[in-house]
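For clarity, every value in this text was computed on a predicted model and none was experimentally measured. Throughout, residue positions are numbered sequentially from 1 according to the sequence presented.
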Amino acid sequence: MKINFTSACADDVNELAINISWIILSMLVIVQSLLIIFIIWRSPKLHTNTNMLIVSVSAGDIFFAVSCEINATLGLLFSSNIVAELVLMDTFMMGALFSTLMLSMNQMGVIAADRYINIVHPFFYIKHVTKRRVLLNIICYWILALVYGAIPLF
């Protein structure tokens, strides 16, 4: 069978465009998330329980964007065959994807419950939802997400 060099070049151009798009998108996510974290950090009025959860979600977005950027950069530096054969990199990306997805979904649910309790039961919220409990909740979700993301590596 004859090798078609034109289609091979087109595939390389497509992979190059996809990797560059991933890098640009990842950088935009990192900048946007750092901007959210910086604004909340610099404004004392924004140091609320809900904004602590939003900072945690932004940190999870940064983690995922950095892992996508590493994967795309490796795709640019090495040939696609070498990157495709790296099973460890694929499992790392799968673990990073699932752990950050689980982290974001859980924390968005906690943010929704936080807002609901604050609106419907404001006195209960003031008495029982403290910054320490929210921080402990965030730490538990991060530990759970990191353990869940490490499972595919084993």
Do the side chains of Ile54 and Asn51 get nearer than 4.5 Å, heavy atoms only? yes
Measuring from atom NZ of Lys127 to atom NE2 of His121, what distance do you get when rounded to the nearest 0.5 angstrom? 14.5 Å
Return a table of donor-acceptor pairs under 3.5 angstrom between the side chains of residues 130-154 and protein atoms on other chains or two or more places apart.
{"unit_1": "Thr130", "atom_1": "OG1", "unit_2": "Arg133", "atom_2": "N", "d": "3.2"}
{"unit_1": "Lys131", "atom_1": "NZ", "unit_2": "His47", "atom_2": "O", "d": "2.1"}
{"unit_1": "Arg133", "atom_1": "NH1", "unit_2": "His128", "atom_2": "O", "d": "2.6"}
{"unit_1": "Trp142", "atom_1": "NE1", "unit_2": "Ser56", "atom_2": "OG", "d": "2.7"}

Answer yes or no: is there a side-chain heavy-atom contact under 4.5 Å between Ile62 and Ile37? yes
Asp114: side-chain hydrogen bond (donor to acceptor under 3.5 Å, both in side chains) partners, not counting sequence neighbours: Thr50, Tyr125
I need the Ser58 OG to Leu53 CG distance, nearest 0.5 Å. 11.0 Å
Hydrophobic cluster membership, Met52 vs Tyr116, 4.5 Å side-chain cutoff: yes
Hydrophobic cluster membership, Met105 vs Leu103, 4.5 Å side-chain cutoff: no
Find out if a path of hydrophobic residues (ILVMFWY) with successive side-chain heavy-atom gaps under 4.5 Å connects Ile30 to Val55. yes
Considering only distance and modelled atom types, tabulate donor-acceptor pairs under 3.5 Å from the side chains of residues 93-101, sequence neighbours left out.
{"unit_1": "Ser99", "atom_1": "OG", "unit_2": "Gly95", "atom_2": "O", "d": "2.9"}
{"unit_1": "Ser99", "atom_1": "OG", "unit_2": "Ala96", "atom_2": "O", "d": "3.3"}
{"unit_1": "Thr100", "atom_1": "OG1", "unit_2": "Ala96", "atom_2": "O", "d": "2.7"}
{"unit_1": "Thr100", "atom_1": "OG1", "unit_2": "Leu97", "atom_2": "O", "d": "3.2"}

Would you please name every residue forming a side-chain contact (heavy atoms from CB on, under 4.5 Å) with Leu35, sequence neighbours left out? Ile39
Do Ile117 and Val120 belong together in a cluster built from hydrophobic side chains that touch within less than 4.5 Å? yes
If you take all heavy atoms of Glu69 and Thr73, which pair is closest and at what distance? O-OG1, 2.7 Å
Locate the shortest heavy-atom distance separating Val129 from Asn49; write the atom from each residue and the value. O-ND2, 3.3 Å
Donor-acceptor contacts under 3.5 Å from residues 19-27 side chains, at least two apart:
{"unit_1": "Asn19", "atom_1": "ND2", "unit_2": "Glu15", "atom_2": "O", "d": "3.3"}
{"unit_1": "Ser21", "atom_1": "OG", "unit_2": "Ala17", "atom_2": "O", "d": "2.7"}
{"unit_1": "Ser26", "atom_1": "OG", "unit_2": "Trp22", "atom_2": "O", "d": "2.8"}
{"unit_1": "Ser26", "atom_1": "OG", "unit_2": "Ala65", "atom_2": "O", "d": "3.4"}

Same hydrophobic cluster for Phe38 and Ile40, using side-chain heavy-atom links shorter than 4.5 Å among ILVMFWY? no
Pairs in or reaching into residues 29-46: which pass side-chain hydrogen bond (donor to acceptor under 3.5 Å, both in side chains), with residues at least two apart or in two chains? none
